Engineer: 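Mind looking over this structure? Questions follow.
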Amino acid sequence: MSENKESPERRRERLRQGELKRNRTSSMSDGFNRAISGSMVDLVNSLGWKGTGILIIVIIILFMIGSFLF
């Protein structure tokens, strides 16, 4: 196979990333739905770095509130 040809895995990932960039709001919803039965990678990729940071902060705050109450 020639080096200038794209492997099927790379092509699939490129197409998936392009779809995530074009359609952010539905991809975030898809990420949440995949997180229920899928992998964390899809959730983080759909949220981006800002959404991931907010998610981490919310988890930390909920943990702190839970530890104070119980």
Side-chain angles (χ1 to χ4, degrees):
M1 188 155 125
S2 177
E3 286 186 351
N4 61 357
K5 288 193 176 184
E6 194 173 32
S7 70
E9 293 86 13
R10 287 191 183 264
R11 183 169 187 255
R12 243 178 283 141
E13 183 63 23
R14 182 178 52 82
L15 291 172
R16 188 176 74 85
Q17 290 296 327
E19 178 64 28
L20 289 174
K21 287 180 183 177
R22 282 193 307 271
N23 199 358
R24 292 197 184 270
T25 54
S26 73
S27 65
M28 183 170 53
S29 171
D30 290 344
F32 280 121
N33 293 335
R34 277 189 212 127
I36 294 170
S37 62
S39 69
M40 187 63 103
V41 174
D42 291 329
L43 174 65
V44 172
N45 282 340
S46 67
L47 291 176
W49 69 271
K50 291 178 189 175
T52 304
I54 292 171
L55 182 65
I56 291 170
I57 290 171
V58 168
I59 290 171
I60 290 171
I61 290 171
L62 289 175
F63 178 75
M64 291 170 59
I65 290 172
S67 65
F68 285 131
L69 293 176
F70 300 111

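When a residue number appears, it is its place in the shown sequence, counting from 1. Since the structure is predicted, the reported quantities are computational estimates derived from the model, not experimental observations.
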Engineer: Are any of the side-chain nitrogens in E13 or R10 under 4.0 Å away from the carboxylate oxygens of its partner?
Structural biologist: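 The answer is no: the pair does not qualify as a salt bridge.
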
Engineer: Output all residues satisfying salt bridge (charged side-chain N to carboxylate O under 4.0 Å, His left out) with R14, sequence neighbours left out; order by chain, then residue number.
Structural biologist: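 With neighbours one apart ignored, the set is E6.
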
Engineer: Just distance, no hydrogens or angles: give the donor-acceptor pairs under 3.5 Å from side chains in residues 57-65, sequence neighbours left out.
Structural biologist:
none

